[in-house]
Amino acid sequence: MNATENKSALDYYYWNNKLLYLTTNKLYQGDFEINFQNAVNLSKNNSDIKLALRLFYLRNIPRFSKETQDLVTSK
């Protein structure tokens, strides 16, 4: 997946798939939070996806920093 990251930087589906992969394999360290923030930024105009990401955040609050909290809870 990392080989196509530069090419897919603005593709929401890429970030969503990467988050699913990392979550499934329980790889929460490293760039997981950055990938989550990218997905949140790219889903601002899609209310269904934004809600799903917000719910994921609320269920996993201890894994995220204050910066991610501000990003997810902002309108």
request  = Evaluate the ring planes of F56 and F64, with Trp represented by its six-membered ring, and classify them as parallel (under 30°), tilted (30 to 60°) or perpendicular (over 60°).
outcome  = perpendicular
inquiry  = My understanding is that only residues two or more places apart in sequence, or in another chain, count here; which of them pass salt bridge (Lys or Arg N to Asp or Glu O under 4.0 Å) with D48?
reply    = none
query = Taking all atoms of both residues into account, what is the closest heavy-atom pair of T73 and Q69, and its distance?
reply = OG1-O, 2.6 Å
note = E33 and R63 have their tightest heavy-atom pair at OE1-O, 4.1 Å
query = Quick check: are there more than 12 heavy atoms from other residues, nucleotides or ligands sitting under 6.0 Å from CG of N45?
reply = no
message = Starting from L53, can I reach L58 by hopping between I/L/V/M/F/W/Y residues whose side chains sit under 4.5 Å apart?
response = yes
inquiry  = Please report the interatomic distance CZ(R54) to CD1(I49), rounded to the nearest 0.5 Å.
reply    = 14.0 Å
remark   = d(K66 NZ, L71 CG) to nearest 0.5 Å is 12.0 Å
message = Would you say that F36 contacts V72 through its side chain, given a criterion of any heavy-atom pair below 4.5 Å between the two side chains?
response = yes
